[in-house]
Engineer: 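Dropping a structure here in structure tokens format, bear with me for questions.
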Amino acid sequence: LGNFHYKMSDSVEDIVSRFAENSQYLIFVLNEATMKDNSKHADALKNAVTAETHNQEKKSVQKEFNLNNVTDYCMTTNNPNCVRVEGDADRRWFIVPTSGKYANKDQATLTYFTRLHAALDSKRHQRALFEWFKRRELTNFNPRKYPSSNLREAMIQCSERPEVTWFKSWILKNKEN
């Protein structure tokens, strides 16, 4: 994608602040996302992810209105609860738990990722991947059905308002009586 269409930052302010300049990026990666930072800006993050358009204000330049929002946001973190997920119907966040199996500096791991990177950089492999995606069967694809995981369920629980959690436990406890 090149540096012009890709940005990595460790600050949510680079997404939601008054002078955030995101309109040019196709992918914005928020590295080491934390709930502490993201909960302060939860509503602004939801808007950044879902809005069809946005406004942009550069310092000392007139504000631009209704720019198409073409940015995809990605968060990486080791924190198990980095963003507010508001129940089962919240489709804003696609949560992918990953393994730390290859997070090491073993020679075999380095060799593997060096070869993988070289393959992904080659035009032949890029074309093969493109052709594979073109042939992918999507007849039964439903974008409203999204995968869940134990991590996603835990994030939903952590995001729940305390009074809702209490009320659910009260109902379960009194249901048995």
Side-chain angles (χ1 to χ4, degrees), residues 1 5-57 65-104 113 116 120 129 133 136-176:
L1 286 174
H5 296 297
Y6 167 86
K7 181 173 183 174
M8 182 179 285
S9 174
D10 61 359
S11 173
V12 70
E13 295 283 336
D14 288 341
I15 297 173
V16 300
S17 71
R18 178 178 171 190
F19 297 110
E21 297 182 33
N22 299 331
S23 64
Q24 73 197 38
Y25 302 116
L26 297 177
I27 297 178
F28 190 109
V29 177
L30 182 60
N31 193 27
E32 291 304 329
T34 66
M35 179 58 95
K36 178 183 172 209
D37 296 332
N38 292 346
S39 69
K40 283 193 303 191
H41 303 289
D43 292 330
L45 272 172
K46 287 191 302 190
N47 187 54
V49 169
T50 58
E52 291 185 19
T53 62
H54 63 95
N55 302 327
Q56 179 171 303
E57 184 175 354
F65 294 94
N66 296 321
L67 299 169
N68 288 334
N69 184 4
V70 296
T71 306
D72 287 323
Y73 295 91
C74 176
M75 294 184 202
T76 63
T77 187
N78 290 323
N79 301 304
N81 187 29
C82 67
V83 70
R84 189 179 305 156
V85 182
E86 298 175 347
D88 290 335
D90 192 344
R91 295 185 325 268
R92 291 178 197 93
W93 312 111
F94 178 67
I95 299 161
V96 182
T98 58
S99 165
K101 180 179 179 181
Y102 297 107
N104 60 59
F113 281 110
L116 177 63
L120 292 174
L129 185 60
F133 279 122
R136 187 101 167 125
E137 177 58 47
L138 297 176
T139 307
N140 296 320
F141 175 70
N142 181 351
R144 301 236 177 248
K145 287 188 177 180
Y146 44 90
S148 193
S149 66
N150 291 338
L151 177 58
R152 185 176 196 286
E153 296 304 319
M155 290 175 76
I156 290 170
Q157 267 189 330
C158 287
S159 300
E160 198 170 64
R161 294 190 335 253
E163 61 272 20
V164 173
T165 304
W166 175 85
F167 190 64
K168 282 180 178 179
S169 68
W170 182 83
I171 287 174
L172 285 174
K173 185 173 81 173
N174 289 309
K175 184 179 179 181
E176 296 168 0

Engineer: Rounded to the nearest 0.5 Å, how far does CG of Asn38 lie from CG of Leu45?
Structural biologist: 5.0 Å

Engineer: Quick one: side chain to side chain donor-acceptor pair (under 3.5 Å) partners of Asn79, sequence neighbours excluded?
Structural biologist: Thr77

Engineer: Rounded to the nearest 0.5 Å, what separation is found between the OG1 atom of Thr34 and the CG atom of Asp10?
Structural biologist: 10.0 Å

Engineer: Just wondering, are more than 12 heavy atoms of other shown residues or ligands nearer than 6.0 Å to CG in Asn150?
Structural biologist: no

Engineer: Rounded to the nearest 0.5 Å, how far apart are OG1 of Thr76 and CE of Met8?
Structural biologist: 6.0 Å

Engineer: Do the non-hydrogen side-chain atoms of Met75 and Trp93 ever get within less than 4.5 Å of each other?
Structural biologist: yes

Engineer: What pairs of residues pass the salt bridge (charged side-chain N to carboxylate O under 4.0 Å, His left out) test when at least one of them lies in residues 155-170, not counting sequence neighbours?
Structural biologist: Glu160-Lys168, Arg161-Glu163

Engineer: If you take all heavy atoms of Ser149 and Ile95, which pair is closest and at what distance?
Structural biologist: OG-O, 4.4 Å

Engineer: What's the shortest heavy-atom distance between Asn81 and Ser159, and which atoms?
Structural biologist: OD1-OG, 4.4 Å

Engineer: Could you tell me which non-hydrogen atom of Ser148 sits nearest to which non-hydrogen atom of Glu153, and how far apart they are?
Structural biologist: OG-OE2, 2.7 Å

Engineer: Which residue pairs satisfy the salt bridge (charged side-chain N to carboxylate O under 4.0 Å, His left out) criterion with at least one member in residues 26-44, sequence neighbours excluded?
Structural biologist: Asp43-Lys46

Engineer: Taking CZ in Phe167 as the centre, count heavy atoms belonging to other residues, nucleotides or ligands within less than 6.0 Å. Is the count above 12?
Structural biologist: no

Engineer: Roughly how far, to the nearest 0.5 Å, is the CG atom of Asp90 from the CZ atom of Arg152?
Structural biologist: 6.5 Å

Engineer: How close do Met155 and Cys82 get, counting heavy atoms only, and between which atoms?
Structural biologist: CE-N, 3.9 Å

Engineer: Okay, side chain of Ser17, backbone of Asp14: is any donor-acceptor separation there less than 3.5 Å?
Structural biologist: no

Engineer: Tell me whether the rings of Phe28 and Tyr73 are parallel (<30°), tilted (30 to 60°) or perpendicular (>60°).
Structural biologist: tilted

Engineer: Would you name the heavy atoms of Arg84 and Ser39 that are closest together and state the gap between them?
Structural biologist: NH2-O, 3.7 Å

Engineer: Nearest 0.5 Å, please: how far is OG in Ser9 from CG in Asn31?
Structural biologist: 8.5 Å

Engineer: Got a donor-acceptor contact below 3.5 angstrom from the Asn68 side chain to the Val70 backbone?
Structural biologist: no

Engineer: Locate the shortest heavy-atom distance separating Ala51 from Asn69; write the atom from each residue and the value.
Structural biologist: O-ND2, 2.8 Å

